[in-house]
Amino acid sequence: MEENKLSERAPATDERQRDAKRRGRWKLLAVLLVCAAPIIASYLSYYVIKPEGRTNYGTLIDQASHPMPKLSSTTLDGRPETLENYAGKWIMVKVGGGDCDQACQDQLYAMRQLRTMQGKNMDRVERVWLVTDEQPIDTMLIRMYDDMHILRVKPAELARWLPLEQGGKLEDHIFLVDPRSNLMMRFPKNPEPQRVHKDIAKLLKASAIG
């Protein structure tokens with residue numbers, strides 16, 4: 001009699017264990033989805049969901065075709081440093097020689113203003129000037145943008161990474177790299193600041209990363 005009771009309880013115990021395992025898997029899946037949701041949302045906002053009248057100003061980049069390379073870049077005093085040092089944040093990137101002309105200075109100013117315009121989210125954005133030659137940089141310019149990262153890099157490395165339209169130049173554009181070090185967007189030459197600001201603000205709002 002006792003053996004019959006034990007045999008009846010055994011299947012019930014096994015079934016409860018199976019139910020507990022199923023619940024555990026669903027809970028784990030739910031946690032993973034919650035963690036991934038901010039990243040998925042930010043990319044869906046730009047790559048999939050395109051409500052009428054809502055378009056991005058910058059040109060979206062095919063990340064698979066333009067993975068971020070291991071740049072052999074250095075700081076102005078010769079220390080090795082790459083864009084990967086700033087991973088985890090959104091990075092505005094400009095390219096150009098050290099003899100920064102008026103167009104170059106306008107870009108530096110625009111990048112500073114675009115970051116400031118993000119308000120409480122401004123600390124999620126970094127600015128990097130990739131200098132493609134050995135020209136000395138004006139000391140006053142460095143002081144004026146002392147919170148911007150300045151790295152020297154070989155132009156050939158950037159040419160293989162940063163995509164351009166036919167006839168375009170790297171120094172014409174500001175590029176945007178996402179917090180996972182993916183090249184994401186290229187803004188046009190002489191961009192409209194308000195429209196660039198809106199693109200960046202939408203990305204920051206849609207994503208909890210960075």
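The basis for the numbers below is simple: all heavy atoms, side chains too, and nothing from hydrogens, waters or symmetry mates.
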Worked verdict on His66 versus Leu162 for side chain to side chain contact (heavy atoms under 4.5 Å, CB included): CA-CA 7 Å; His66 303 279; Leu162 300 174; over 6 Å; no
Backbone N/O of Tyr145 and side chain of Arg112: donor-acceptor pair under 3.5 Å: no
Hydrophobic cluster identity match, Met122 and Leu203, side-chain contacts under 4.5 Å: no
CG-CD1 distance between Leu141 and Ile150, expressed to the nearest 0.5 angstrom: 7.0 Å
Carboxylate-amine/guanidinium proximity below 4.0 Å for Asp123 and Lys89: no
Under-4.0 Å salt bridge between Lys70 and Glu84: yes
Cluster check Leu76, Leu71: I/L/V/M/F/W/Y, side chain < 4.5 angstrom: no
Gln113 atom CD, neighbour heavy-atom count above 12 within 6.0 Å: yes
Gln118 versus His197, side-chain donor and acceptor atoms under 3.5 Å: yes
Euclidean distance, Arg195 CZ relative to Ile200 CD1, rounded to 0.5 Å: 13.5 Å
Ion pair check, Lys169 and Glu171, cut-off under 4.0 Å: no
Under 3.5 Å donor-acceptor, Asn182 side chain and Met184 backbone: no
ILVMFWY cluster, Phe187 and Leu204 together (side-chain gap under 4.5 Å): yes
Distance (rounded to the nearest 0.5 Å) between Arg180 CZ and Ser207 OG: 8.5 Å
